[in-house]
A.B. asks: 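I am attaching a structure below and will ask some questions about it afterwards.
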Amino acid sequence: MALALPIRTRFAPSPTGYLHIGGLRTALYSYLLAKQNNGQFILRLEDTDLKRQVEDAAEAIYSGLKWAGLNYDEGPDVGGSFEPYIQSQRLEIYRERADKLVKNGNAYYCFCDETTLEQMRQEQIAKKQAPKYDRRCLKLSKDEIQTRLKNNEPHTIRMKIPDNRVIEVNDLVRGKVTYNTNELDDQVLLKSDGYPTYHLAVVVDDHLMEISHVTRTEEWLPSTPKHILLYEYFGWTPPQWAHLPLLLNPDKSKMSKRKGDVAVEDYIKKGYLPEAMINFLAFLGWNPGSEKEIYSMEELLKDFSLEKVHKAGAIFNIEKLNWYNQYYIKQVPLEELAKLCIPYMQGSGLIEKFPISNFQFPNKFQIPNSKKEVDFDWLKKIVALEQERMKYLSEIGESTKFFFHTTEYDKNLLIWKDSPEEEIKNVLQKLLEILEKISQDSFTKEKLQELIMPEAEKFENRGLMLWPFRAALSGQKASPGPFEIAEILGKEETIEKVKKAIEKLQISPNPSSYQVRGRL
RNA sequence: GGCCCCUUCGUCUAGCGGUUAGGACACCACGCUUUCAAUGUGGUAACAGGGGUUCGACUCCCCUAGGGGCUACCA
């Protein structure tokens, strides 16, 4: 085996304003490859398209990677010995390299403007030819080039692709792929605005930054022969390539913004845990070959290997992500989970926001539009009830709102199966009597259960009492059980809610709901 | 259109010449159960098609079909 060079990988997104979920997986694989070999993982921003500049776009990338635990050793915001890591700050470097290629005859000036090129393309398409630059500027005389340059005519620098050569790409996941240079276009390397295209910049930077393994998605495979040629022109040793399968929409098209949530930020907002996201993403295109499905980052570092990466694209299946997330939510210690839930409770208006500058975690939380104040332990109890029900953290607002506010519900919700309203009312009356006898001090789940269950058992089906009880407290079709809710609510509020339910049943039935109930 | 890549249950996948084609998600049924969730048990469900090679093909080769990517002074 050859002496192994230090492994350096990079994640090189273009800052578009958000971190793409597919980008995160690419970053993950790159990170794993570097870190499992004691190598370095680098972040580089490829902002070479002026038309797509987005203000503060880098921030989403930094924070998304950090959220996922993909800490980079070098990058724009952390520095490193190959600075700068932002391509728009390296323009001189690319210009210099491009000039060198022109000097060596591997590239040439092109003065064609966009309309000329577009016209050319249209004509070629009309003639059913493959659109390709016709090299008209390659035929320009030295003198003409000189005068046009002197006149400051806008121009680009194009790569000169050799005729009829077979270029072999040796890809770590795809094996050997060959291309004939006749199919390649004379790629623009330096644009007329002085910015490099991806192709120039990526080759120059990967070389200068001593990247050993280029991991990127499959869409780049067709341009790899151009990159190989550039390495050759420069006299550099190319890196190893690994072209990863694409992440697909359910309709099998490349995942895009138009077809659903594609920004990591969206998933954070929804309340996905980084552990779940990493585990899920890792398995989209790779698996250990065993039946183990739960993987922490440490375990991934141990078992991940490029050889086991798939070739076919993988559909981003949100159901599976949900399952992973639910699994990981159940693993989080309650104290921590409750803390994680607080921003979501604030976001949905369950509790007041507190100043972010407050480093101190508050002891008391205000409930909006109410004088009520609750403490962290109380919130923790609520979170405990939801822990095994939540698919993602943002559900907490909807599923627990009845603990915080009085909520409206249809009185039919109180009806157990086909029981007459009158009977439900009596049951709730009976329940009320029991509740009133319990002191606030012993208003616990256990005590309530001890006193109420025997009463409920007297009915043919205990649901006759337990259902209306639960419905009265939650006002929801689905919720935790009545005893758990009652304990958290406390005696006063529990009784208030039961009374309210009884009142509902006393109001004369409104005709429409009567019909909805149906006599069928 | 041209070039390239890909193809096992609906989805993520195991399989690397001989398996009752395995697992997970989802789905369905049953159990537990006041609802939901969780959980337990069981179930439905796949080798794109056609040729070869071979004693034997999901596995190797070829063709076809289907899907995807690229084909910009975007990445």
Side-chain angles (χ1 to χ4, degrees), chain A residues 12-16 46-52 110 112-114 117-118 121 124-125 127-133 154-158 169 171 174 177-180 182-185 187-199 201-202 216-225 243 245-246 248 250-254 280 283-294 310-324 326 330 385-391 399 413 416-417 456 461-471 474 476-483:
Chain A
S14 63
T16 51
E46 312 221 322
D47 56 340
T48 56
D49 187 3
L50 274 174
K51 290 180 223 100
R52 294 210 301 195
C110 173
C112 299
D113 62 19
E114 304 225 35
L117 293 170
E118 185 52 33
R121 249 193 302 277
Q124 287 165 333
I125 290 167
K127 281 190 247 170
K128 298 207 180 215
Q129 293 170 345
K132 213 172 148 187
Y133 183 59
H155 63 274
T156 62
I157 291 178
R158 277 184 192 273
V169 181
D171 190 89
R174 265 146 232 285
V177 183
T178 58
Y179 292 89
N180 190 300
N182 291 347
E183 290 138 18
L184 267 35
D185 203 358
Q187 181 68 53
V188 169
L189 296 176
L190 201 72
K191 305 183 228 180
S192 56
D193 61 9
Y195 277 66
T197 58
Y198 171 82
H199 308 282
V202 79
R216 37 145 76 144
T217 38
E218 197 192 341
E219 56 197 323
W220 294 110
L221 191 55
S223 47
T224 308
H243 286 94
L246 248 15
L248 271 25
D251 70 358
K252 291 183 190 272
S253 60
K254 188 164 96 172
F280 170 66
F283 273 68
L284 247 32
W286 170 86
N287 83 86
S290 70
E291 280 174 4
K292 184 172 159 66
E293 310 259 357
I294 299 297
H310 266 232
K311 294 177 182 163
I315 293 175
F316 187 92
N317 180 209
I318 196 91
E319 295 288 349
K320 188 95 176 219
L321 209 213
N322 287 342
W323 176 80
Y324 271 118
Q326 191 162 27
K330 282 189 277 182
L385 289 187
E386 290 302 314
Q387 185 159 20
E388 17 178 73
R389 284 165 231 269
M390 277 190 287
K391 281 197 169 77
S399 58
L413 187 70
W416 165 253
K417 305 240 162 116
N461 192 318
R462 54 197 187 186
L464 186 62
M465 178 173 267
L466 298 176
W467 171 274
F469 187 19
R470 193 194 59 76
S474 70
Q476 292 179 179
K477 270 196 301 216
S479 78
F483 305 118

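Chain letters run A, B, ... following the sequence lines, proteins first and then strands; every chain starts at 1.
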A.B. asks: Rounding to an integer number of angstrom, what distance separates B:G51 and B:A57 when you compare their C1' atoms?
C.D. replies: 14 Å
A.B. asks: Quick one about A:Thr48 and A:Glu46 (side-chain donor to acceptor, distance below 3.5 Å, no hydrogens or angles considered), yes or no?
C.D. replies: no
A.B. asks: The side chain of A:Arg121 is closest to which nucleotide in this list: B:C73, B:C36, B:A14?
C.D. replies: B:C73
A.B. asks: Which nucleotide in the set B:U11, B:C36, B:G1 lies at the smallest distance from any side-chain heavy atom of A:Ile315?
C.D. replies: B:U11
A.B. asks: What does B:A46 pair with, Watson-Crick or G-U, if both distances are under 3.5 Å?
C.D. replies: none
A.B. asks: Atom NE2 of A:His243 and atom P of B:C3: how far apart are they, to the nearest Å?
C.D. replies: 20 Å
A.B. asks: Among B:U35, B:C73, B:A37, which nucleotide sits nearest the side chain of A:Glu388?
C.D. replies: B:A37
A.B. asks: Closest approach to the side chain of A:Lys320, judged atom by atom: which nucleotide of B:C73, B:C12, B:U13 is it?
C.D. replies: B:C12
A.B. asks: Indicate whether OP1 or OP2 belonging to B:U39 is found under 4.0 Å from a side-chain N or O atom of A:Lys330.
C.D. replies: yes
A.B. asks: Starting the side chain at C-beta, find the nucleotide from B:A72, B:C5, B:U13 nearest to A:Ala314.
C.D. replies: B:U13
A.B. asks: Look at the side chain of A:Arg174 and decide which nucleotide, out of B:C5, B:A75, B:U35, has an atom nearest to it.
C.D. replies: B:C5
A.B. asks: Find the partner of B:U41: check Watson-Crick (N1-N3 plus N6-O4 or O6-N4) and G-U wobble (N1-O2, O6-N3) distances, both under 3.5 Å, and reply none if neither fits.
C.D. replies: B:A29
A.B. asks: Could you work out which one of B:C5, B:U34, B:C74 sits closest to the side chain of A:Arg52?
C.D. replies: B:C74
A.B. asks: Give none if B:C9 has no partner; otherwise give the nucleotide forming a Watson-Crick or G-U wobble pair with it, both distances under 3.5 Å.
C.D. replies: none
A.B. asks: Paired with B:C70: which nucleotide, if any, by Watson-Crick or G-U wobble criteria at under 3.5 Å for both distances?
C.D. replies: B:G2
A.B. asks: One character per nucleotide, please: for nucleotides 58-69 of chain B, 5' to 3', B when the base has a protein heavy atom closer than 4.0 Å, S when only the sugar-phosphate does, - otherwise.
C.D. replies: ---------SSS
A.B. asks: With nearest nucleotides of RNA chain B determined for A:Asp185 and A:Glu319 from heavy-atom distances, which residue corresponds to the more 5′ nucleotide?
C.D. replies: A:Glu319
A.B. asks: Rounded to the nearest 0.5 Å, how far apart are CG of A:Asn461 and NZ of A:Lys417?
C.D. replies: 5.5 Å
A.B. asks: Is it true that A:Ser399 and A:Arg389 share a donor-acceptor pair across their side chains at a distance under 3.5 Å?
C.D. replies: no
A.B. asks: Taking atom P in both B:C70 and B:C47, compute the distance separating them and give it to the nearest angstrom.
C.D. replies: 31 Å
A.B. asks: Taking atom NZ as the centre, does A:Lys292 end up with more than 12 heavy-atom neighbours from other residues, nucleotides or ligands that are less than 6.0 angstrom away?
C.D. replies: yes
A.B. asks: Can you tell me the pairing partner of B:U35 across any strand shown, Watson-Crick or G-U wobble, with both distances under 3.5 angstrom?
C.D. replies: none
A.B. asks: Roughly, in whole Å, what's the span from NZ in A:Lys191 to P in B:A75?
C.D. replies: 4 Å
A.B. asks: Whole angstrom is fine here: how far is it from CZ in A:Arg470 over to C1' in B:A37?
C.D. replies: 12 Å
A.B. asks: Looking only at side-chain atoms of A:Arg462, point me to the closest of B:G1, B:U33, B:A24.
C.D. replies: B:U33
A.B. asks: Answer yes or no: does a side-chain N or O of A:Arg158 lie under 4.0 Å from OP1 or OP2 of B:C73?
C.D. replies: yes
A.B. asks: Please check if the distance between the ring centroids of A:Trp220 and A:Tyr198 is under 6.0 Å.
C.D. replies: yes
A.B. asks: Look at all strands and tell whether A:Thr178 reaches a base, only sugar-phosphate, or nothing, counting heavy atoms closer than 4.0 Å.
C.D. replies: sugar-phosphate
A.B. asks: So, is A:His310 close to the B:A14 phosphate, meaning a side-chain N or O under 4.0 Å from OP1 or OP2?
C.D. replies: yes
A.B. asks: Take atom P in B:C12 and the same atom in B:A65, then report the distance between them in whole Å.
C.D. replies: 24 Å
A.B. asks: Mind checking A:Ala312 for me? I need base, sugar-phosphate or nothing, with any heavy atom below 4.0 Å counting as a touch.
C.D. replies: sugar-phosphate
A.B. asks: Could you tell me how far B:C55 sits from B:C6 if I compare only their C1' atoms? Round to whole Å.
C.D. replies: 32 Å
A.B. asks: In this structure, which one of A:Asp49, A:Val188, A:Thr156 forms a side chain to side chain contact (heavy atoms under 4.5 Å, CB included) with A:Thr197?
C.D. replies: A:Val188
A.B. asks: Grab the CG-P distance between A:Leu117 and B:U71 for me, whole Å please.
C.D. replies: 15 Å
A.B. asks: Let me know the distance between CG of A:Leu466 and P of B:U35, rounded to the nearest Å.
C.D. replies: 9 Å
A.B. asks: In whole angstrom, give me the gap between the C1' atoms of B:C58 and B:C73.
C.D. replies: 48 Å
A.B. asks: Just how far, in rounded Å, is P of B:U11 from CG of A:Asn287?
C.D. replies: 17 Å
A.B. asks: Would you say B:U7 has OP1 or OP2 under 4.0 Å from some side-chain N or O of A:Lys311?
C.D. replies: no
A.B. asks: Nearest whole Å is fine: how far is B:A37 P from A:Leu385 CG?
C.D. replies: 16 Å
A.B. asks: How far does the P atom of B:G31 sit from the matching atom of B:G23, given to the nearest Å?
C.D. replies: 24 Å
A.B. asks: With distance as the sole criterion, do the side chain of A:Ser479 and the base of B:C36 form a donor-acceptor contact below 3.5 Å?
C.D. replies: no
A.B. asks: OP1 or OP2 of B:A38 less than 4.0 angstrom from a side-chain nitrogen or oxygen of A:Gln326, does that happen here?
C.D. replies: yes
A.B. asks: With heavy atoms under 4.0 Å as the rule, sort A:Gly285 into base, sugar-phosphate or nothing.
C.D. replies: sugar-phosphate
A.B. asks: Measuring only the P atom in each nucleotide, how far is B:C62 from B:C4? A whole number of Å is fine.
C.D. replies: 13 Å
A.B. asks: How many whole angstroms separate atom CD of A:Glu183 from atom P of B:C3?
C.D. replies: 7 Å
A.B. asks: Using the side-chain heavy atoms of A:Trp323, tell me which of these nucleotides is nearest: B:C25, B:C4, B:A37.
C.D. replies: B:C25
A.B. asks: Between B:A75, B:C73, B:C12, spot the one nearest the side chain of A:Val188, thanks.
C.D. replies: B:C73
A.B. asks: Would a distance-only check, ignoring hydrogens and angles, find a side-chain to backbone donor-acceptor pair under 3.5 Å from A:Arg470 to A:Met465?
C.D. replies: no
A.B. asks: Using the P atom on both, measure B:C16 against B:U64 and round to a whole Å.
C.D. replies: 30 Å
